[in-house]
Amino acid sequence: MTQKITLGRSIAFLILVVCTAAMISPVIFMISTALKTKSEMMLFPPTWIPQTFQWKNFTELFTNDEIKFGILYQNSVIIAFFTVIGTVLSSACVAYGFSRYHGKGRNLMFMLMISTMMLPYPAIMIPQFLLFSKLEWMDSFLPLIVPAFFGSAYQIFLLRQFFNTLPNELYDSGKIDGCSEFRMFWNLALPLSGPALATVAIFSFVWSWNDLLGPVLYLSSQEKFTLPIGMAAMISSKFRIAPWNLLMCAAIMAVLPVVALFAIAQKRFTEGIVLTGIK
Amino acid sequence: MKLSATGRENFYFYIFIMPWLIGFIVFALYPILASLYYSFTEYDIISTPKFVGLANYKELFQDELFYKSIWVTVKYTMISVPLTLLLSLIFAMLINQKIPAQGFFRTAMYFPSMVSGVSMSLLWFWIFNPQIGFFNYILSWFGIQPQLWFLDEKLALWALIIMSFWGMGGGMLIFLAALQGVPASLLEAARLDGAGRWSTFRNVTFPMISPIFLFQLIMAIIESFQVFTPAYVMTQGGPNYSTRFYVFHLYESAFKNFRLGYASAMAWLLLIAVLIITYIIMKTSNRYVYYEGGKES
């Protein structure tokens, strides 16, 4: 190593090693519990590494008729899929409008859009609930999916920042080729925005995947439950209380797609966190 | 259709933003106004809303649980938000040193943030298990007696605060990116002027990242006002209402007790609280927030 090792750096390194271990240990504990037998899981002090690896805990999770984990998974995937499609399409469309056209009232509209980022969902959930129950959308996925098709302020903001970086010459060349405004959006701007759209897709996926309050309000039958509400039901007294090793299996399975996305698209993932955090 | 240049511009602008505009009116503006109206009514979903004037607000201010839920939420926010921000900034700065395995530390510190929502609650409910929990086991290394955590009304909220530190990875990534955006020339200039570490941080680094710090602070407070998942999954607001967060109280009032008017009054007060807090932070931030290229609003 050619870097100069200073005292400051060594201390920083040591602190990081200790703190990283502390941060990671709950994850290790989660994985190890998931792979323990019921009796080993109850041992105190807890063992770090399971005596035998109970991989069948995972199969039990999916085959248990009361937990119905497969159905939870399927529902979450369906809702997340449509939420992502809806958010990406609508947010891109709106962001393009904000970035490219100087319509009358643009600044006011933009201000309104930005301020909805700060609008707490619980403050508006009661009228939304009443609205959806009037439409007879209760216990269906519609209240969770349909709003996504009207754009999300965060994602619109993120995509607008991206569209602002596209050069005007692009649209000029489009005009010369006789493109309609809509085709310029669809055939010129969108194909160039792959990375930004991927960031938006990842974030709307993670958001939809973790959402608890929405499903709690709108889903009432167990066949419609998503992972978060299904997992919450697993530890509540509503159903037979699931053992901790299966609960940890469930938590791992629920986190897995997010981790996979992070592993596949680490750059986009990080970029998304950073971009949504900077105004 | 023949339109003038400005007409065209207006036309396409509104065509493209139409999805958001409709969504804004239907899913934000209408609910804000409707919940104001409902807050002046007695409404149980089944019968029609009955206008009762300010009765809900009067009742709120006499409701002990309402005060309790505010106190729980404010206490949680005041401890969790500053400490989480501070921790994420400190770790971002540590990782930003020229140390080996930078990428590993970044990923490892961020990793826990992916275990979020209900998964996080499940895991920490297990970690804080009073009999066989991992946390009591770690405490036993330091000779500390096992605690009851979620069964103890004095400790339940603290357990949730400890849990919240674990999710600092997102903030850390943001600060790390911000720190890496501080021009090296500025830091070099400070070094040549003989500035120490602390003075460099105070006078160069922090001002440069302060707009991001401000945004993080506001969003963290707003998020913290809306904590719901841990109360719903782990504690049901207990023991003895010690984790009855504001939004959980709102949710139970509306959807367990079917008092939608009462809950709408709470919803409006939440909205006003968020507005006031944001306003105060923005106003007082001028002192420490530095915007490149002049002041922004």
Side-chain angles (χ1 to χ4, degrees), chain A residues 3 9 12-13 15-16 20 23-24 26-27 29-30 33 42 44-46 90 93-94 96-98 101-104 106 109 112-113 116 118-120 122-124 126-128 147 149-151 156 181 210 212-213 216 228 231-232 235 244 247 251 254-255 258-259 262 270 273-274 277-279, chain B residues 9-10 12-14 16-17 19-20 22-24 27-28 30-32 34-35 38 94 97-99 105 108-109 111-112 114-119 122-123 125-127 131-132 134 137 166 170 173-174 177 212 215-216 222 225-226 228-229 232-233 247 250 254 260 263-264 267 270-271 274 278:
Chain A
Q3 275 170 15
R9 270 178 213 155
F13 187 78
I15 295 174
L16 275 175
T20 307
M23 286 288 280
I24 287 297
V27 177
F29 188 60
M30 169 168 81
T33 307
M42 306 305 282
F44 191 87
S90 58
C93 173
V94 175
Y96 183 80
F98 273 119
Y101 302 105
H102 295 265
K104 213 175 153 204
R106 180 170 84 156
M109 290 292 153
L112 280 176
M113 203 266 305
T116 57
M118 294 183 187
L119 188 64
I124 52 171
I126 293 169
Q128 276 197 17
F149 282 82
F150 296 90
I156 294 171
E181 296 292 324
N210 285 331
L212 174 68
L213 192 49
V216 162
M231 280 157 55
I235 58 165
W244 282 109
L247 286 172
V255 168
V258 180
V259 176
F262 179 76
T270 320
I273 297 167
V274 170
I278 297 171
K279 213 166 96 167
Chain B
E9 202 78 6
N10 282 336
Y12 284 113
F13 175 67
Y14 281 100
F16 274 100
I17 71 160
W20 168 76
I22 294 170
F24 173 72
F27 299 123
Y30 160 74
I32 290 174
S35 69
Y38 288 129
L94 284 175
Q97 307 291 311
K98 289 193 184 78
I99 49 158
F105 285 124
M109 294 299 266
F111 196 87
M114 285 188 272
V115 186
S116 58
V118 176
S119 302
L122 286 187
L123 172 58
F125 204 34
W126 174 225
I127 285 173
Q131 284 95 40
I132 49 176
F134 180 68
Y137 168 59
W166 199 57
L173 285 188
I174 293 166
I212 289 151
F215 184 67
Q216 286 291 100
I222 294 176
F225 278 5
Q226 299 177 56
F228 172 75
T229 302
Y232 181 84
V233 178
V247 166
L250 195 165
L260 276 78
S264 294
L270 173 67
L271 200 61
V274 165
T278 309

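Keep in mind that the numbers below use all heavy atoms, side chains included, and drop hydrogens, waters and symmetry copies. Quick note on labels: first sequence line is chain A, next is B, and so on, each numbered from 1. Just so it is clear, the model here is predicted, and its values are computed rather than measured.
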| said: If you compare all heavy atoms of V255(A) against all heavy atoms of M114(B), which two are closest, and at what distance to 0.1 Å? | reply: CG1-O, 3.8 Å

| Where does L112(A) contact chain B at under 4.5 Å (heavy atoms): side chain, backbone, both or neither? | both

| Would you say T20(A)'s side chain and L16(A)'s backbone share a donor-acceptor pair under 3.5 angstrom? | yes

| When heavy-atom pairs shorter than 4.5 Å are enumerated against chain A, which of L122(B), I32(B), L270(B) gives the highest number? | L122(B)

| field | chain B contact via T116(A) - side chain, backbone, both or neither, heavy atoms under 4.5 Å | value | side chain

| Under 30°, 30 to 60°, or over 60°: which ring-plane class applies to F44(A) and Y137(B), parallel, tilted or perpendicular? | perpendicular

| field | Between CZ on residue F29(A) and CH2 on residue W126(B), distance to nearest 0.5 Å | value | 5.5 Å

| Roughly how far, to the nearest 0.5 Å, is the CG atom of L247(A) from the CG atom of L123(B)? | 11.0 Å

| Out of P45(A), A251(A), P122(A), A232(A), which one racks up the most heavy-atom pairs below 4.5 Å with chain B? | P122(A)

| query | What option among P228(A), G151(A), P127(A) has the most heavy-atom pairs under 4.5 Å with chain B? | reply | P127(A)

| note | Greatest number of non-hydrogen atom pairs under 4.5 angstrom with chain B, of Y101(A), F13(A), F98(A), falls to Y101(A)

| task | Quick one: pull up CZ in F24(B) and CD1 in I17(B) and give me the separation to the nearest 0.5 Å. | result | 10.5 Å

| message | As an exercise: rank A12(A), C93(A), P147(A) by heavy-atom pairs under 4.5 Å with chain B and give me the winner. | response | C93(A)

| message | Under 4.5 Å from any heavy atom of chain A, what part of I222(B) do you find: side chain, backbone, both or neither? | response | side chain

| Under a 4.5 Å heavy-atom cut-off, does chain A meet the side chain of F228(B), its backbone, both or neither? | side chain

| message | Check whether Q226(B) reaches the backbone of V247(B) with its side chain - one donor and one acceptor, N or O, closer than 3.5 Å. | response | no

| field | Part of A263(B) lying under 4.5 Å from any heavy atom of chain A | value | both

| task | Select one option (side chain, backbone, both, neither) describing which atoms of F111(B) are under 4.5 Å from chain A's heavy atoms. | result | side chain

| request: In sequence, state the C-alpha distance, the side-chain angles, and the governing distance for I126(A) and S35(B), and then conclude on side chain to side chain contact (heavy atoms under 4.5 Å, CB included). | output: CA-CA 7 Å; I126(A) 293 169; S35(B) 69; 5.6 Å; no

| said: Below 4.5 Å, heavy-atom pairs only: which of G103(A), G97(A), A254(A) has the largest tally toward chain B? | reply: G103(A)

| query | Measuring heavy-atom distances to chain A, does F134(B) have an atom under 4.5 Å in its side chain, in its backbone, in both, or in neither? | reply | both

| Nearest 0.5 Å, what's the CZ-NZ distance between F13(B) and K104(A)? | 12.5 Å

| Most chain A-contacting option - heavy-atom pairs closer than 4.5 Å, from G23(B), A267(B), P31(B) | P31(B)

| Which bit of V233(B) comes within less than 4.5 Å of chain A, counting heavy atoms only: side chain, backbone, both or neither? | both

| remark: One option among F105(B), F225(B), Y30(B) has the most heavy-atom pairs under 4.5 Å with chain A, and it is F105(B)

| said: Working to the nearest 0.5 angstrom, can you tell me the gap between L119(A) CG and I124(A) CD1? | reply: 4.5 Å

| query | So how far is it from F150(A) CZ to S90(A) OG, rounded to the nearest 0.5 Å? | reply | 8.5 Å

| request: Measure F125(B) against the heavy atoms of chain A and call it side chain, backbone, both or neither at under 4.5 Å. | output: both

| remark: Cut-off 4.5 Å, heavy atoms of chain A, and the answer for Q97(B) is side chain

